[in-house]
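Shown next, in structure tokens, is the structure this report addresses.
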Amino acid sequence: MGRYTDDIIELNRDVEPFIIQGSATRTHFFKQKFPDPYKVLQFVHCSDMHDVPDLWDRMVKYINYYSEYISFAIHTGDYCGSSQDFYTDFYTACTQCVHPIYNCVGNHDVVKKDEEGRGIPNTKQSAHDLLFNHKSDWNAVFCDCEHSMTYYKDYPESNIRMIVLDLYFDIDIQKKWLQEVLEDAKKKDLSVITAMHQPSGPMNDSFGVTFHTINNYEELCGRDNQMPFEPMIVDFIARGGKYICNLAGHDHHDSFGFTDTGVLNVVVESGTNWDGWCDGKRIKGTRTYDAFNVMSVDVNLGILKLVRVGDNVDHYLRIKRTLCYDYVNRKVIFCG
């Protein structure tokens, strides 16, 4: 019998070829006839770590091990536990990452407990100071507002702009800013990824891929119709802007598909091991303990690719290991 290990690298050794090939594009010989001027951008998308330092630390160790292929990480909100009262500064308490880890504000990051243990809203500054206290290596352009948690980051070598939005404060200021930033991206012919804690709108049109839950969570909790930024994204697409997808978390289970107005959302399973809204168990000491995506975008070919690290099967025993999607022609190339 082989020696047991709970090391995140060894538990996920089978997806190593996908991490390597996720960062690859066509052989350079194609450039003689079909110029591919841009590099593939590959990064980690995680969300909803909810104050579990061990899981953040394991993710960082994974990024550091594959740092040749992974450029950064984006955490799409709920960095705190159930409220700001449950907080760890992962950036100092855990292994240091060799690449930037961008953060995004979530609904649990903006509340504190009252005397009866109920969550009540806290100030914008309180959330900012907890989540955005280690951004010196981000080199991002922030929205000009007080305690800004809204920013964009350009990757010119990949011709991509990533825009991170705050769903909880200064919405009108951000709407105007987002219109300007999207217009600037269009003028520069940049392809755009947005990121926010919750999906940009209700998702109705999926592709039957295993990275999309088949449980009807709406029966339990209804629909969240909050979509303050979706009209700006829809307008950008309608005017010929190059849009890839919106990255989100919040739901704690995977989703992949379009909203009614045509915005592609990629929702990643929660990074925390609390499995209340997950599509299966999350057991420490097993592969199911971790969950995040390694995502890559190739604007030359118009494709995005997902590789699941950690929990890669739901309670229906559907495997969610890899997905390759043509976001220009809206078709699945491979899922399995």
Side-chain angles (χ1 to χ4, degrees), residues 11-12 14-15 18 22 44-50 55 76-78 106-107 193-227 230 244-283 286-297 303-327 329-336:
L11 285 173
N12 294 274
D14 64 307
V15 300
F18 301 114
V44 161
H45 174 208
C46 62
S47 196
D48 300 85
M49 284 289 186
H50 282 294
L55 285 162
T76 48
D78 280 359
N107 59 302
I193 296 171
T194 56
M196 60 190 83
H197 180 54
Q198 298 168 227
S200 65
M203 299 167 64
N204 297 312
D205 184 8
S206 71
F207 297 85
V209 297
T210 54
F211 281 81
H212 187 84
T213 184
I214 57 175
N215 286 314
N216 186 358
Y217 287 96
E218 291 178 19
E219 292 181 337
L220 294 177
C221 56
R223 303 187 96 183
D224 188 341
N225 293 308
Q226 178 178 337
M227 54 180 79
E230 182 146 303
I244 299 166
C245 69
N246 181 61
L247 304 178
H250 183 63
D251 295 339
H252 284 225
H253 48 267
D254 293 295
S255 296
F256 184 94
F258 285 92
T259 64
D260 284 341
T261 53
V263 177
L264 178 65
N265 276 258
V266 180
V267 181
V268 67
E269 182 177 346
S270 56
T272 184
N273 61 314
W274 180 76
D275 57 19
W277 295 98
C278 293
D279 282 344
K281 298 177 180 179
R282 301 288 296 276
I283 307 301
T286 75
R287 183 174 181 151
T288 66
Y289 184 49
D290 306 285
F292 54 87
N293 290 336
V294 176
M295 177 173 169
S296 55
V297 179
I303 60 173
L304 68 84
K305 296 171 275 189
L306 302 178
V307 179
R308 169 54 50 83
V309 176
D311 188 29
N312 67 349
V313 62
D314 65 15
H315 65 92
Y316 297 102
L317 304 188
R318 300 185 310 149
I319 298 172
K320 43 187 176 181
R321 183 184 294 115
T322 63
L323 171 64
C324 182
Y325 177 74
D326 179 340
Y327 63 84
N329 298 299
R330 296 190 173 188
K331 64 179 184 180
V332 175
I333 296 172
F334 179 79
C335 180

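Interatomic distance, OG1 of T261 versus CE of M227, reported as 6.5 Å (0.5 Å rounding). How far CZ of F211 is from CG of N312: 8.0 Å, rounded to the nearest 0.5 Å. To the nearest 0.5 Å, the span separating NE2 on H253 from CG on D275 amounts to 13.5 Å.
With sequence neighbours excluded, the residues satisfying side chain to side chain contact (heavy atoms under 4.5 Å, CB included) with I319 are R321. Residues passing the side chain to side chain donor-acceptor pair (under 3.5 Å) test with D78, sequence neighbours excluded: H50, H197. Listed by chain and residue number, D279, H315, Y316 satisfy the side chain to side chain donor-acceptor pair (under 3.5 Å) test with N215 (two or more places apart in sequence, or in another chain). Under the ring-ring contact (aromatic ring centres under 6.0 Å, His included) criterion, Y325 pairs with F207, F256, sequence neighbours left out. T76 meets the side chain to side chain donor-acceptor pair (under 3.5 Å) test with H45, S47; sequence neighbours excluded. Scored by the side chain to side chain contact (heavy atoms under 4.5 Å, CB included) test, L317 finds V313 as partners (sequence neighbours excluded). Under the rule for a side chain to side chain contact (heavy atoms under 4.5 Å, CB included), the partners of S206 that lie at least two apart in sequence or sit in another chain are H212. Judged as a side chain to side chain donor-acceptor pair (under 3.5 Å), and not counting sequence neighbours, Y327 has no contacts. In terms of the side chain to side chain contact (heavy atoms under 4.5 Å, CB included) criterion, residue partners of S270 (sequence neighbours excluded) are, by chain and number, D48, H252, T272, C278, R282.
In this structure the side chain of T194 never reaches within 4.5 angstrom of the side chain of S200, judged on heavy atoms. Contact check for Y289 versus L11: no side-chain heavy atoms found under the 4.5 Å cut-off. By the 4.5 Å heavy-atom criterion applied to side chains, D314 and T213 are not counted as neighbours.
Within the structure, the salt bridge (charged side-chain N to carboxylate O under 4.0 Å, His left out) test picks out no pair touching residues 204-213 (sequence neighbours left out). For residues 247-256, every residue pair satisfying the salt bridge (charged side-chain N to carboxylate O under 4.0 Å, His left out) rule, not counting sequence neighbours, is listed here: D254-R308, D254-K320.
The side chain to side chain contact (heavy atoms under 4.5 Å, CB included) test with I193 is passed by exactly one of N246, L304, V266, V297: V297.
Residues K305 and C324 approach most closely at CG-SG, 3.8 Å, considering heavy atoms. Minimum interatomic distance between P199 and V267 (heavy atoms only, all atoms of both residues): CG-CG2, 3.8 Å. Across all their heavy atoms, G201 and T259 have their closest contact at O-CG2, 3.4 Å. Between S296 and G22, the shortest heavy-atom distance links the atoms OG-O, 3.0 Å. In plain terms, the two heavy atoms of M203 and S255 that are nearest each other are CE-CB, 3.7 Å. The minimum heavy-atom distance between L264 and F258, with the atom names listed, is N-CD2, 3.5 Å.
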Would you list the atom pairs, donor with acceptor, under 3.5 Å between side chains in residues 329-336 and any protein atom, with sequence neighbours excluded?
| from | atom 1 | to | atom 2 | distance (Å) |
| --- | --- | --- | --- | --- |
| N329 | ND2 | D326 | OD2 | 2.8 |
| R330 | NH2 | G262 | O | 3.3 |

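Listed for the R287 side chain is a donor-acceptor partner under 3.5 Å among the backbone atoms of G310.
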